[in-house]
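Numbering of residues begins at 1 and proceeds along the displayed sequence.
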Amino acid sequence: MEVIGDLPRELFLEILLRLPVESLMRCKCVCKYWYALISNPKFIELHLKYNCNNNVCVLLKRCLLTCLGERENMLSLVCSSGFSFINLDVDLSLYKKEPCLQLLGHCDGIICLSNYRDDIVLCNPATRETMVLPESCLPCYSSISNLIPQTSALGFGYDSRTHHCKVVRIISYWEERSGSGLPHHSRVEVYSLATGSWKEHNVKVPAHVWYSPCFETYFNGAFHWYAIDDNRNEVILSFHMGNEEFQVIPMPSALSLYDYSMCRSLFVWNGRIALVIYPRKGIEKSFQIYVMKEYGVRESWTKILTIGPLTKVEMPLAFWKNDEILMEGSDGLVVSYNLKTQELKDLPIYGVPKSFATLVYINSLVSVKGGNRVLDGDNTGENVSTPVTFFFSSLQIIKTDDLLLKSLLLLHFPCLFR
């Protein structure tokens with residue numbers, strides 16, 4: 001069996017796959033061989049798969065007040081182990097003091113951020129790599145003089161056909177003095193990491209995207225928004241990243257007409273779309289949870305349970321660990337509610353009220369500039385020599401606990417702990 005130092009090759013690779021991104025970035029500086037291995041698209045894919053199965057976290061965006069009373073955005077990672085959290089050292093100079101900063105989605109460790117006005121930024125918080133997308137391909141004016149263009153929706157997700165991420169933007173054109181409350185018409189453009197450019201998509205938008213807190217969700221290859229159709233019914237508007245088609249998904253039958261006193265939030269829970277309905281105002285709130293058991297089928301909406309009434313809880317933020325839901329307290333404190341025990345636990349995470357946004361997140365080495373994926377049957381990747389190919393063809397999973405892993409690393413790779 002071939003060895004590296006005192007370690008078999010399979011064990012060496014298995015240790016690297018278990019390392020966090022920060023340590024792997026340091027490992028790339030050890031030698032050319034390690035750099036080539038860790039930069040290899042196949043290794044990046046294996047590392048991503050390992051984290052998908054073992055290290056799923058929640059990425060939390062919040063606003064903090066500086067000593068001068070100014071608001072600054074902060075990204076934090078909430079881990080399920082002991083509800084620990086760390087603040088991420090990411091250069092958000094573009095949006096650091098942007099009050100309307102939005103998290104648009106997560107794809108393979110890359111997140112998309114925007115203020116819905118100017119720039120759209122892709123960022124890998126683990127590698128600290130960022131990229132500002134090029135300007136829109138659509139004109140910033142309308143051919144009709146009394147119409148005003150405005151970005152009404154943005155979405156981010158993964159196209160399994162091209163193996164690249166995409167950003168979709170809907171620009172709506174509003175009449176200056178329209179009393180209808182709905183736009184005159186909308187246009188759509190799609191940015192693909194495969195091409196590095198925007199392209200207009202000539203398709204009719206079947207519903208009008210409207211804001212609802214914590215609603216925008218990527219699931220099942222499509223991005224979802226809260227929307228109102230031409231008959232003023234509440235619907236879920238989705239855009240599939242693969243075939244680039246829109247779909248209108250009806251709400252539960254009891255919610256066909258909009259009620260301004262209630263909020264709707266959309267999440268992914270146990271592999272299904274979950275809709276949470278709760279009062280917009282009130283000291284005590286109850287949260288009704290509906291699950292769509294068959295995707296896209298209205299009749300499959302099923303009310304699973306009702307949480308509460310709970311005191312001083314504003315809104316849900318994210319489902320995680322299957323039986324926990326993160327929620328924002330009315331005082332800017334994050335709490336966790338256990339669906340089984342019905343326990344409400346305060347977490348040591350604070351922020352300006354109503355400044356929170358969350359994404360279920362996975363650390364990865366994936367670059368925001370693309371070129372990370374290994375297509376089926378494609379071995380072109382990076383040219384990293386025959387020994388690296390041997391790694392992937394003879395990989396065997398070796399199970400080990402954290403203590404053993406740390407001992408092995410300390411013994412054979414002391415440079416990682418300096």
Side-chain angles (χ1 to χ4, degrees), residues 45 48-49 51-53 56-59 102-112 122 153-170 188 190-194 201 203 205-207 209-210 212-227 229 234-253 255 264-277 289-304 316-322 325 357-362 364 366 373 375-376:
E45 187 173 338
L48 175 64
K49 287 181 179 178
N51 281 340
C52 286
N53 294 326
V56 178
C57 303
V58 172
L59 184 71
Q102 299 292 321
L103 291 177
L104 301 179
H106 164 262
C107 176
D108 293 349
I110 299 175
I111 62 173
C112 187
L122 299 183
L154 288 165
F156 179 62
Y158 178 67
D159 179 359
S160 59
R161 297 195 305 181
T162 64
H163 301 275
H164 283 87
C165 297
K166 290 180 177 178
V167 178
V168 57
R169 176 182 357 221
I170 302 175
V188 180
V190 177
Y191 177 89
S192 173
L193 265 69
H201 188 49
V203 62
V205 183
V209 176
W210 224 250
S212 189
C214 295
F215 198 97
E216 299 175 350
T217 299
Y218 173 75
F219 172 74
N220 201 31
F223 199 87
H224 302 75
W225 302 273
Y226 174 80
D229 66 14
E234 297 178 81
V235 296
I236 299 171
L237 178 66
S238 71
F239 181 84
H240 196 277
M241 295 295 172
N243 58 30
E244 298 187 354
E245 292 182 355
F246 284 101
Q247 179 182 358
V248 173
I249 301 173
M251 293 277 196
S253 56
L255 308 174
R264 291 87 166 91
S265 295
L266 196 70
F267 303 98
V268 177
W269 182 32
N270 291 332
R272 290 173 174 166
I273 286 287
L275 180 68
V276 183
I277 303 165
I289 302 178
Y290 290 79
V291 169
M292 188 165 52
K293 294 188 175 181
E294 187 176 350
Y295 183 77
V297 179
R298 183 177 195 169
E299 291 73 23
S300 71
W301 281 112
T302 305
K303 185 176 178 180
I304 301 298
L317 294 174
F319 283 92
W320 70 330
K321 300 199 307 178
N322 296 329
I325 179 170
T358 57
L359 292 172
V360 176
Y361 176 76
I362 300 164
S364 83
V366 176
R373 286 283 175 173
L375 305 184
D376 294 338

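Rounded to the nearest 0.5 angstrom, Leu359 CG and Ile111 CD1 are separated by 7.0 Å. Note that NZ of Lys49 is 11.0 Å distant from CG of Asp108, once rounded to the nearest 0.5 Å. Taken from CG in Asp159 to CG in Leu193, the straight-line distance is 11.0 Å, to the nearest 0.5 Å. Ile277 contributes atom CD1, which lies 5.0 Å from atom OH of Tyr290 (distance to the nearest 0.5 angstrom). For the atom pair OG of Ser253 and CH2 of Trp301, the computed distance is 11.5 Å after rounding to the nearest 0.5 Å. Residue Asn270 holds its CG atom at 8.5 Å from CZ of Phe319, rounded to the nearest 0.5 Å.
In this structure, Phe215 and Tyr226 have perpendicular ring planes: the angle between them is above 60°, well past the 30° mark. Ring pair His224/Phe219 is tilted by interplanar angle, where 30° to 60° counts as tilted.
Residues Tyr158 and His163 have side chains that bring a donor and an acceptor to within less than 3.5 angstrom of each other.
Without hydrogens or angle criteria, Trp269 side chain to Ile325 main chain gives no donor-acceptor distance under 3.5 Å. Judged by distance alone, the side chain of Trp225 and the main-chain N or O of Leu154 form a donor-acceptor pair under 3.5 Å. In this structure, the side chain of His201 does not engage the main chain of Val203 through any donor-acceptor pair within 3.5 Å. Counting only distance, with no hydrogens or angles, the side chain of Ser364 and the backbone of Leu48 share no donor-acceptor pair below 3.5 Å. Remark: side-chain polar atoms of Arg298 are paired, donor with acceptor, to backbone N or O of Met251 under 3.5 angstrom.
Of all non-hydrogen atoms in Val268 and Tyr218, the two that sit nearest each other are CG2-O, 4.1 Å. Considering every non-hydrogen atom in both Leu59 and Leu103, the closest pair reads O-CD1, 4.4 Å. Closest approach of Ser300 to Met292, counting heavy atoms only: OG-CG, 3.5 Å. Scanning both residues, Arg264 and Leu275, for their nearest heavy atoms gives CB-CD1, 4.1 Å. The minimum heavy-atom distance between Gly105 and Phe223, with the atom names listed, is CA-CE1, 4.4 Å. Scanning both residues, Pro316 and Val276, for their nearest heavy atoms gives CG-CG1, 3.9 Å.
With a 4.5 Å cut-off on side-chain heavy atoms, Phe239 and Ile170 do not count as touching. Looking only at side-chain heavy atoms (C-beta outward), Val235 and Ile249 stay at 4.5 Å or farther from each other. Using a 4.5 Å heavy-atom threshold, the side chains of Asp229 and Pro206 count as separate. Looking at heavy atoms from C-beta onward, Val168 lies in side-chain contact with Met241 at the 4.5 angstrom threshold. With a 4.5 Å cut-off on side-chain heavy atoms, Tyr295 and Ser238 count as touching.
For Thr302, the side-chain contact (heavy atoms from CB on, under 4.5 Å) partners are Lys293, Ile304, not counting sequence neighbours. Applying the side-chain hydrogen bond (donor to acceptor under 3.5 Å, both in side chains) rule to His106 yields no partners; only residues at least two apart in sequence or on another chain are considered.
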Exercise for the section: Before giving the answer on side chain to side chain contact (heavy atoms under 4.5 Å, CB included), spell out for Leu122 and Val167 the whole-Å C-alpha distance, their side-chain angles and the decisive distance to 0.1 Å. Expected result: CA-CA 10 Å; Leu122 299 183; Val167 178; 4.3 Å; yes
Problem - side chain to side chain contact (heavy atoms under 4.5 Å, CB included) evaluation trace for Val205 with Phe246 - result: CA-CA 7 Å; Val205 183; Phe246 284 101; 4.1 Å; yes
